[in-house]
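The block underneath contains the structure these notes are about, expressed in structure tokens.
Treat the numbers as computed from the prediction; the structure is a model and nothing was measured. Order of the sequence lines sets the chain letters (A, B, ...), proteins ahead of strands, with each chain counted from 1. As a basis for the values below, the full set of heavy atoms in this structure was taken, side chains included, without hydrogen atoms, waters or symmetry mates.
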Amino acid sequence: MRTESMLGRRKSGFLALLGMTSLRISTLVFLTVAGGTAPSLRAQVTAQRLLDSAKEPQNWLMYSGDYAGRRFSMLDQINISNAAKLVPQWAYQTMAGGKFEGTPLVVDGILYGTGQDDRVFALDARSGRPIWTYQQTLPPDIRPCCGRVNRGLAILGDKVFVATLDAHVIALDSKTGNVVWDVNAAEHSKGYSFTLAPLVIKNLVLVGASGGEYGIRGFIDAYDAATGERKWRFNTIPGPGEPGHESWEGESWKTGGAPAWITGTYDPATNTTFWTTGNPAPSNRGEGRAGDNLYSDSLLALDPDTGKLKWHFQFTPHDEHDYDATQVPVMIDDGDRNLIAQANRNGFFYVIDRTNGKLLNATSYAKVSWSTTKDAIGRPAPDKSGSPTPEGNKVCPGAFGATNWMSPTYDPQTKLFYVTAREQCDIFSTAPQSYDAGHAFYGSAYFPNDEAQPFWGALRALDPATGQLKWEWKHNSPSWAGALSTAGGLVFTGDAEGNVIALDAASGKALWHFQCGSSVFAAPMSFAIDGRQYVAVAAGSALFAFALP
Amino acid sequence: MFRNIHDGIAGTAMPAATNGGIGVGMSDGEIWQVIAYLRSVEKKASAGAAGNAAHGKELFYGKSGCSTCHMVNGKGGRLGPDVSSVGGSRSLEYLVDSMRNPSKRLAQGISEPLKDFSQEYETVTVVTADGTKLTGVVLNEDNFTLQMMDTREQLRLLQKDKLRSYVKSRESLMPAYDQKMLSDKDLQDLIAYLLAVGAQ
């Protein structure tokens, strides 16, 4: 029985020694307590359920909540009239150091999450009690650029899928945490890693590589969910003979980066999956890689069945400031217009026609100095004067960007797009550097600038129709937290000081906050069990769940 | 220094420079190169120390009033930074600047985005709900609360939405010690004192 094996793992610390009798007893206890939710535990997460995620708002079936990447919950039990009463229900400690960036999934009462160092856990979502845990054994020569992080899972059938820092894609049995299949996608010692939550489309598991700091050649892969067999690979840097290859100087394409390290989105109506890519390598040095460097810093529209490119839009041609475009490309439908909105790390808020990749609007949403003109298609174009210099050149946004990987959210009720913005400029320097496999490949560095004004940040509400700022909630210092909007008229986010905050989605007024005791490096999500709505978010080394009393 | 860079410093914002830290990972050779660079630009305050440390101590605890706000080895005030070790860790230029123009360092201060808890001795003035005006330094704050020390060394733990007013400034509470308040000779003596205790 599935529930038996699940509970067997839950008790594996000591009960496994006691044999089946104890397991049967604990199963009975569990079924009594779980009551009506027990039958749904056996339900499979089918590809159709993922398509119809709107029909089950109590569950959070994928990284961004839905295929559109909106990170919007239709639950409204917690709303502007009662949010002030929210209280913590439980906290789950990973006991791991470093940044806890994961967004968990919740399926029929079970929460599946990932934490630092590629640990995976399944919890009773009502109590936070673990059902099973899995820890990937990481070799000593992995190359995580920016922390030993993992942002989450995907689910299909009775498997959850995790992509790891040693560049493996692994399917775990969702009932036990046992490995079903494990494939090595690339050489971790050369700088390849995974940090993102995979995306399941139909029977395929899609992942994108991290490693833009190590001169990798980026890719997006699709694996058969049943077997782990790789079905296709899209190289984010075109090889010889492929369109776009001419945008690289000499051999620079071989080590040009363009990683795809944040989860994409999917439009079933056109069978198109949208992925974004990061910086060309070396990030701070354009010399030696003359050209636009396709498809770095781009939005890619791919056929999920074949991995074939339908169209691309490049946000930052020939980037020299590490302006990864790895922000979730959010699908917005506005009347008969089918759009993608992205507040980019380079400081511009782009609205793009997702049927053809045409740019409709690009408006700055934070302090920008790298671009003061637009090209023929209305795209912000880099200023020569913004290039890094040997002595250092102050440019805004800084190296961490006007935003970064933290998830934005789109609320179809307010029709506003909410994004964590960072106001920070940096001094960018450049120096020659030769490629050395598995070695950091920056082409120099960046330094904090010497402005008197300290760095700061804000959650900003942007109107995709105009690109204009509607309101902002100022953070005390720049935040790394993403945002969740809900049908309760709320936007949840977090800050670097450790607060989880509920804001009125219409006005930006703070309605509630809770001090978690450590910085929030994740985005909140929401789920419900037995008619009770929860909001969960990671902070420090713990995952917290909040609900009304 | 190698160990601090290689492994980070536990309990602080300083990450390990090797895999898993915040950077892209440095080899041992690269860490030594960074240390060589730091050594090459290091400015030792002792190079310019020629004052009378005993007289500097008298000034510190006496007419210059330093100990009203600063502590050396457990003796003195709490409002400003403890200066027991600054003589061993700061350049002469830094020490002179800090006395002649204390706001300069504050103005250049940056809050580090990955640091949970940085204290920069920003000046804060609040008016509480009952009309009490308090001035002091920020110990910590977030969007909702403020933890400050007032000029009487009282810890004040405040909720921002309960305050009538709240003004922060990067103008230091410490007066700028100009020639009238502190002659070059006395300044030298004070620095000699800080160097002497910093070397201990």
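In this structure, no portion of A/L165 lies under 4.5 Å from any heavy atom of chain B. A/Q515 touches chain B through its side chain: at least one heavy atom from C-beta onward sits under 4.5 Å away, while N, CA, C and O do not.
Here the straight-line distance linking atom CG of A/N499 with atom OG1 of B/T145 works out to 7.0 Å at 0.5 Å rounding. Considering CH2 of A/W512 and CZ of B/F144, their distance stands at 9.5 Å, rounded to 0.5 Å.
A/K85 NZ: 12 or fewer foreign heavy atoms inside a 6.0 Å radius. Few gaps surround NZ on B/K185; more than 12 heavy atoms of other groups in view lie less than 6.0 Å from it. Annotation: B/K160, atom NZ; neighbour count of heavy atoms from other residues, nucleotides and ligands within 6.0 Å is above 12.
Looking at heavy atoms from C-beta onward, A/H513 lies out of side-chain contact with B/N143 at the 4.5 angstrom threshold.
A/E497 and B/E141 get closest at one heavy-atom pair: CG-O, 3.7 Å.
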